[in-house]
Protein chains: 2
Amino acid sequence: MCKVLKMAGRPSQFEQSEVLKAAADLFWSRGYASTSAEDLLQVMGMGKGSFYHAFGSKRALFEKVLDQFEHPRIGELKAALASGQPPLEAIKIFFRSMALEPAQIKRNGCFMGNTISELSNMDSGLSDAASLRLQALERFFAHLLDQARAAGTLKNPSPSVILARYLINLWNGLNITRRMYPDPKALQDLIALQLTLID
Amino acid sequence: MCKVLKMAGRPSQFEQSEVLKAAADLFWSRGYASTSAEDLLQVMGMGKGSFYHAFGSKRALFEKVLDQFEHPRIGELKAALASGQPPLEAIKIFFRSMALEPAQIKRNGCFMGNTISELSNMDSGLSDAASLRLQALERFFAHLLDQARAAGTLKNPSPSVILARYLINLWNGLNITRRMYPDPKALQDLIALQLTLID
DNA sequence: TATATTCTTTACCGGTTGGTACAAATTTAT
DNA sequence: ATAAATTTGTACCAACCGGTAAAGAATATA
């Protein structure tokens with residue numbers, strides 16, 4: 001179980017976090033059904049035996065990827081907060097930056113939203129797991145909004161829970177709308193308008 | 001070509017609009033990749049020969065479905081407008097009703113949004129076709145907002161084009177967020193908050 | 001060295017995939 | 001009746017699907 005303790009048996013030639021990252025990127029861009037086990041083997045750089053020995057099945061791997069995935073932009077948001085940026089400003093920058101990314105990135109959308117979209121009628125277990133991740137992000141937004149309110153920078157009197165749901169809905173929407181309009185200009189006005197609610 | 005003129009040859013035993021509707025419902029609930037040609041044959045009630053003779057391929061059928069599809073709620077909106085309902089009120093009722101539908105309906109989401117989500121990295125032709133349909137809906141919203149503005153019922157001074165994009169983004173977002181929260185109450189407050197922008 | 005344990009390689013599997021070929025069936029026009 | 005045109009049913013296809021089995025390779029412990 002423990003990786004630092006020396007275990008009997010042949011050591012594995014791959015690093016769990018590395019191959020999981022590779023699998024996540026492929027699932028993210030192609031979705032579940034359109035990503036074949038063969039495709040996964042290739043980007044993960046492992047043989048069929050190792051793959052099924054380590055992860056059990058394509059579905060089990062997808063579950064694991066869902067659990068460990070974090071969207072790069074969310075990572076940046078957390079980093080900005082950790083370096084002292086005020087919560088409300090960090091949120092605004094987070095959403096404004098969604099207009100500016102290259103089209104190739106925009107086309108991937110949100111892994112969790114994609115999963116809900118693809119699998120809500122096909123595999124409620126996976127779809128629910130994705131929902132839970134987005135709900136966690138929503139709670140994180142609510143927490144930041146509470147901080148901003150305490151600091152007096154948030155004027156909107158609506159409950160943080162509702163405003164956080166508004167932000168998640170903005171995230172969900174933009175990850176579709178971004179793919180309709182790769183052009184940043186088409187999105188900047190929209191995002192500015194949306195952010196007036198937490199001005 | 002023309003259906004009313006009698007053509008030589010065996011008459012087809014299916015009605016185009018009927019089988020197209022059946023195919024649309026299946027594509028809508030399962031997406032493109034997870035809907036097999038075999039599945040389609042069954043719900044369309046036709047044999048393999050007829051199917052490929054009439055539609056050429058699964059992809060060509062999907063294209064045709066994308067072109068003719070109209071979301072039932074959009075149909076209701078147009079009907080309400082045709083029967084004299086004021087544009088702005090019709091829009092508000094349209095979005096408020098999204099909270100109330102049964103979970104089974106909510107799980108389908110928006111066929112165009114689903115298509116963008118699934119295929120933007122897999123088949124830009126189909127994804128773009130879905131985008132165009134949503135852009136047409138956006139123009140329709142803009143038209144209604146212009147009417148409301150002319151009637152003096154829309155106070156928000158933002159350009160109709162931007163507000164319409166806001167509404168499309170609301171639609172796109174809700175069709176994901178609805179699947180996170182099948183419970184109407186979780187959605188009603190969100191929708192009410194969102195609609196304050198066109199109050 | 002022997003043994004237990006774990007990972008890797010490779011060959012293989014039945015089922016499903018989207019699609020084709022073609023003859024039979026059914027119609028209209030001559 | 002015959003020919004031309006169109007649709008239908010069926011048999012068939014190679015390619016791909018996710019997954020398994022088994023034997024060998026590499027490590028730790030005794």
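Keep in mind it's a predicted model, so treat the numbers as computed, not measured. Per chain, numbering begins at 1; letters A, B, ... match sequence-line order. Both backbone and side-chain heavy atoms feed into the values below; hydrogens, waters and symmetry mates do not.
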Which atoms of nucleotides 27-30 of chain C (N or O only) lie under 3.5 Å from a protein N or O atom, and what are those distances?
{"from": "C/dT27", "atom 1": "O2", "to": "B/Gly9", "atom 2": "N", "distance (Å)": "2.9"}

Specify the separation, in whole Å, of atom [atom1] of [X] and atom [atom2] of [N].
{"X": "B/Gln42", "N": "C/dT17", "atom1": "CD", "atom2": "P", "value": "11 Å"}
{"X": "A/Phe62", "N": "D/dG19", "atom1": "CZ", "atom2": "P", "value": "14 Å"}
{"X": "A/Phe55", "N": "D/dG18", "atom1": "CZ", "atom2": "C1'", "value": "16 Å"}
{"X": "A/Asp123", "N": "D/dG18", "atom1": "CG", "atom2": "C1'", "value": "15 Å"}
{"X": "B/Leu41", "N": "C/dT16", "atom1": "CG", "atom2": "P", "value": "15 Å"}
{"X": "A/His53", "N": "D/dG24", "atom1": "NE2", "atom2": "P", "value": "18 Å"}
{"X": "A/Glu15", "N": "C/dT8", "atom1": "CD", "atom2": "P", "value": "13 Å"}

Nearest-nucleotide 5' precedence on DNA chain C, B/Gln13 against B/Asp39: B/Asp39
Sequence neighbours left out, what passes side chain to side chain donor-acceptor pair (under 3.5 Å) with [X]? Give chain and number order.
{"X": "B/Lys21", "value": "B/Asp25"}
{"X": "A/Asn175", "value": "A/Arg178"}
{"X": "A/Gln13", "value": "none"}
{"X": "A/Ser158", "value": "A/Asn156"}

Check: A/Lys58 side chain, A/Thr35 main-chain N or O, donor-acceptor pair, under 3.5 Å: yes
side-chain hydrogen bond (donor to acceptor under 3.5 Å, both in side chains) partners of residues 187-199 of chain A, not counting sequence neighbours, each pair once: A/Lys92-A/Asp199, A/Tyr166-A/Gln194
Residue pairs fulfilling side-chain hydrogen bond (donor to acceptor under 3.5 Å, both in side chains) with at least one residue in residues 124-133 of chain A, sequence neighbours excluded: none
What pairs of nitrogen or oxygen atoms, one from the protein and one from nucleotides 18-20 of chain C, lie under 3.5 Å apart?
{"from": "C/dG18", "atom 1": "OP1", "to": "B/Lys58", "atom 2": "NZ", "distance (Å)": "2.8"}
{"from": "C/dG18", "atom 1": "OP2", "to": "B/Ala37", "atom 2": "N", "distance (Å)": "2.7"}
{"from": "C/dG19", "atom 1": "OP2", "to": "B/Tyr52", "atom 2": "OH", "distance (Å)": "3.4"}
{"from": "C/dG19", "atom 1": "OP2", "to": "B/Lys58", "atom 2": "N", "distance (Å)": "3.0"}
{"from": "C/dG19", "atom 1": "N7", "to": "B/Lys48", "atom 2": "NZ", "distance (Å)": "3.3"}
{"from": "C/dG19", "atom 1": "O6", "to": "B/Lys48", "atom 2": "NZ", "distance (Å)": "2.6"}

Donor on one side chain, acceptor on other, B/Arg107 and A/Ser120, under 3.5 Å: no
Give every donor-acceptor pair under 3.5 Å between a side-chain atom in residues 69-82 of chain A and any protein atom, sequence neighbours left out.
{"from": "A/Glu70", "atom 1": "OE2", "to": "A/Lys78", "atom 2": "NZ", "distance (Å)": "2.8"}
{"from": "A/His71", "atom 1": "ND1", "to": "A/Arg73", "atom 2": "N", "distance (Å)": "3.1"}
{"from": "A/Arg73", "atom 1": "NE", "to": "A/Glu76", "atom 2": "OE1", "distance (Å)": "3.4"}
{"from": "A/Arg73", "atom 1": "NE", "to": "A/Glu76", "atom 2": "OE2", "distance (Å)": "3.4"}
{"from": "A/Arg73", "atom 1": "NH1", "to": "A/Glu101", "atom 2": "OE1", "distance (Å)": "2.3"}
{"from": "A/Arg73", "atom 1": "NH2", "to": "A/Glu76", "atom 2": "OE2", "distance (Å)": "2.7"}

Salt bridge (Lys or Arg N to Asp or Glu O under 4.0 Å) contacts in which one or both residues fall within residues 26-52 of chain B, not counting sequence neighbours: B/Arg30-B/Asp39, B/Glu38-B/Lys48
Pairing residues for B/Phe62 by the ring pair (Phe, Tyr, Trp, His ring centres under 6.0 Å) criterion, not counting sequence neighbours: B/Phe27, B/Tyr32, B/Phe111
Axial bend angle, the helix from C/dT8-D/dA23 to C/dT30-D/dA1: five-pair end segments, nearest 10°: 10°
